[in-house]
Amino acid sequence: MKDETPQTVHLADYLPPSHLVEDVRLTFRLAPASTRVLSEIRFTPNPARPGAHDLRLDGEALGLISAAVDGTPITALPDTTGLTLPAATLPDGPFIFTAEVEIAPEDNTRLEGLYMSRAMYCTQCEAEGFRRITFYPDRPDVMAPFHVRIESDLPVLLSNGDLKGEGPGWAEWHDPWPKPSYLFALVAGDLVAHSDRFTTASGREVALNIWVRPGDEGKCAYAMGALKRAMKWDEETYGREYDLDIFNIVAVDDFNMGAMENKGLNIFNSKYVLALPETATDDDFARIEAIIAHEYFHNWTGNRITCRDWFQLCLKEGLTVYRDQSFSSDMRSASVKRIEDVLTLRARQFREDGGPLAHPVRPDNYVEINNFYTATVYEKGAEVIGMLKSLVGEDGYRKALDLYFDRHDGDAATIEDWLKVFEDATGRDLTQFKRWYTDAGTPRLTVTEDFRDGRYTLSFKQETAPTPGQSEKPPRVIPIAVGLLNPNGDEVLPTQVLEMTEAEQSFTFEGLATRPVPSILRNFSAPVVLDRASTPEERAFLLAHDTDPFNKWEAGRSLAKDVLARMVTDGAAPGPDYLDALTRMARDEALDPAFRAYALRLPSEDDMAQTLFAAGRTPDPAAIYAAREKLALAVAEALRPTLTSLHETMAVPGPYTPDPRAAGQRALRLQALAYLTRLDGGARAEKQFSEASNMTEELGAMAALLMIGKGEEALASFARRWAADRLVMDKWFTLQVLEATPAALAETARRLTEHAEFDWKNPNRFRAVLGAMAANHAGFHHASGAAYRLLADWLIKLDGINPQTAARLSTAFETWRRYDADRQGMIRAELARIRATPGLSRDLGEMTQRMLGEG
Ligand code: TRP
Ligand code: ZN
């Protein structure tokens, strides 16, 4: 029944499973239109649920051929979401349930369950995709070892665990580690491997393979290197070794998200595996390294220790993001990595937390769990762990993690279990800290200061605005890292972590000769908005002198935001403070080029809109765009000599390598090019475009040309050169959309959706156009409403075949409350139109309902 009202699932209703699974045997007879799945599942009553219970098996879109309990055919019939075996028909001890079902992978456009991507079979089971493969208790607290037999004529047949045998037309796999069904995976196709080996610390030999389509095997070396670095890092940093003889990764072109950590068989969006200097940018290389590491790290944080239920998602995701961020900062520049992570946190998580989709890091109810793979669960979930570490210290963290692995290996655990290991290992009471998991919203921290008789006092006040379903916001514990500088630029107080636990609290520093300049929230020690009145002089001082690299960058950014805010209001020209400070910073050779590139980048339009809204103003997207353009031109003019020399000196000689040092130079050089292109009519960019020998510079130069409206030739030659490379062509689509002027955006995007190469069923291509459209702030929010309408049309269309991706992209509308009445009205009308679509998915239904504020 398609029109059943979707049920809300509540954390408070959790019950342990009625039955446990001791062992699973699956046989797949693969065929595109009708695959047969035979299952043999050994159940046993769960001692944690005494008494006789019905056994509920999840199952969706399955053709049931036959099913039996201990060989006796069942009489129960499946409904639309599964099959109930009545208690009265079940033995009171262990029994074997067998079933044969039919599924049609070639018709599976949702990309959940077993589906086909360009003649290759693959699976995606997290969160609830396994129920589209066979009848099963599809919940993470049911864990079992899996035996899998695959029958197919395709040459490569893969599943989890170790290969037990193979012959013409079949292969058998066994995964000895008990796992929930969401970690099941199967791949079959005409694939080739890029192979390598890794020897673990204890001497286990692991075969490593990255499986790709023939022709792509030359694009895997970077991902393989990243995998080996991640394996070594997890041994050295967390004492975690790999636990099977083989580790497979498969690259798939049609994929809803980034990648998936299936046990021993990670499946990746090909975008996060395939890379050559000519086809991938520096940012792509960095993301590949991070995602390869992320999925690998899940082997311990997610797989060996999994989640009891989906409300605990941050248990694996927050921790694994925290781990991948630490890994990347060890592989690269820690301070630049922190700036990048905070930029994403603010752009995605603060945005989410300040709107109708705000939810706690551990939500307590959902309609569709796929809608909760969010920036809050992932990125804020990682910040919460960073705070925990700064409260208990390096040693406390290490002890707690050792205890976590020790105590919970093999468990399906909860956030309570996680916090308990910290309490037991460190003796610290984390009752108040837990609010970071249960309370939504970004605290706003206001600071005032006082200096007299050598005593300097910082007074903080924390406030969190109400979020949907949560009106009360008791104070949280906030670790505030602070350092103090003398007016001459010396540091008088090195970084100290203040623990704020009250709604209002003061901290005093004694024995200071002069009034210090405070550097507050160093390294972004807590995910809060810091609100402190400050002068341009002081911000420029911190940009020049702060010893904390994050706050040094932050000072420049606040300066830019103040300047922009004033330009938006009264069209004022940028003052000399900002331009002088920026010039000095840009010329400072002691600073990492990557850092300088970030410091030269202007705050994004969406960030400005968020900031203005938080300050009680109604952001005007057109005015923000105009002010930012004007500021960019002013920077270009004022810094012209500096930028010209950076553009020359930052050229990286020799063949391309994706290492962070070279990447930082290229970033700074391209930042200079972007500014200079506003002045030179595109001469440098044209030259750089035609001479580029790597994708970073080719794309950077093309972006600069598109920005000044002179990209046509570059686009045409780019398309000729890269027509056969889907991942590169995604960039071609995206860039045109990102660089379109506000008035031209909707038409540009619409025209691209009519391009012969616009394959809307491929999530990467869909996102390349429609996702990018929502990222072009002034264009998306153009007063005509044309982009709103176009996006809504496409979301409705996509929802019919792929609800998960449609629902994710609908978050483009989550900021509607920020804007003026006209825009609010237009967005609400589009949301209402989507909502009224007959047959709308549960995914998009829940999202539109929440965005419209209907509870
Ligand atoms: N667990 C995956 C990760 O964070 C993400 C994930 C969840 C996913 N559901 C998915 C990936 C569906 C692809 C498709 O690494
Ligand atoms: Zn993950």
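Each ligand, and each atom within it, is numbered from 1 in the order the structure gives.
- Ring orientation note: the planes of Tyr366 and Phe372 are tilted relative to one another, at an angle of 30° to 60°.
- Under 4.0 angstrom from ligand 1, the non-hydrogen atoms of Glu317 all belong to its side chain.
- Applying the 4.0 Å criterion to heavy atoms of Lys316 picks out, from ligand 1, the atoms 1 (N).
- Checking Asp309 against Gln312 by side-chain atom types alone, a donor-acceptor pair falls below 3.5 Å.
- Of all the atoms in ligand 1, the ones that sit under 4.0 Å from a non-hydrogen atom of Glu295 are 3 (C), 15 (O).
- Every N/O-N/O distance between Asn256 and ligand 1 stays at or above 3.5 Å.
- Here is the list of ligand 1 atoms found below 4.0 Å of a heavy atom in Met260: 1 (N), 2 (C).
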side-chain hydrogen bond (donor to acceptor under 3.5 Å, both in side chains) between Thr306 and Tyr182: does it pass, once the steps are laid out?
CA-CA 10 Å; Thr306 193; Tyr182 83 87; 2.8 Å; yes
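- Scanning all protein heavy atoms for the shortest distance to atom 8 (C) of ligand 1 gives Met257 CE, 3.5 Å.
- Trp418 has its ring centre no less than 6.0 Å from the ring centre of Tyr437.
- Within the 6.0 Å centre-distance limit, the rings of Phe184 and Phe28 are counted as a close aromatic pair.
- When each atom of ligand 1 is checked for a heavy atom of Phe255 under 4.0 Å away, the hits are 13 (C).
- The shortest contact between atom 1 (N) of ligand 1 and any protein heavy atom is with Glu126 OE1, 2.5 Å.
- Residues Thr109 and Asn802 have side chains that never bring a donor and an acceptor to within less than 3.5 angstrom of each other.
- Each of the following atoms of ligand 1 lies closer than 4.0 Å to a heavy atom of His298: 3 (C), 4 (O), 15 (O).
- For ligand 1 and His294, the ligand atoms under 4.0 Å from any heavy atom of the residue are 3 (C), 4 (O), 15 (O).
- Looking from atom 2 (C) of ligand 1 to the surrounding protein, the closest heavy atom is Glu261 OE1, 3.2 Å.
- Across Tyr373, Phe268, Tyr378, heavy-atom proximity to atom 3 (C) of ligand 1 is greatest for Tyr378.
- Angle subtended at the Zn ion (ligand 2) by His294 NE2 and His298 NE2: 100°, rounded to 10 degrees.
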Check against side-chain hydrogen bond (donor to acceptor under 3.5 Å, both in side chains), Asn370 and Glu128:
CA-CA 8 Å; Asn370 281 332; Glu128 299 182 331; over 6 Å; no
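- With Phe766 as the aromatic partner, Lys761 does not meet the cation-pi criteria of under 6.0 angstrom to the ring centre and within 45 degrees of the ring axis.
- Between Phe247 and Trp211, the distance from one ring center to the other does not fall under 6.0 angstrom.
- Considering backbone and side-chain N/O of Gln804, none are found under 3.5 Å from N/O of ligand 1.
- Side-chain atoms of Asp254 do not come within 3.5 Å of backbone N or O of Ser117 as any donor-acceptor pair.
- The N, O or S atom of Glu317 with the smallest distance to the Zn ion (ligand 2) is OE1.
- Scanning all protein heavy atoms for the shortest distance to atom 12 (C) of ligand 1 gives Gln124 NE2, 3.2 Å.
- The protein heavy atom nearest to atom 11 (C) of ligand 1 is Ala259 O, 3.3 Å.
- Residues Phe268 and Phe255 place their aromatic rings such that the two centres sit no closer than 6.0 Å.
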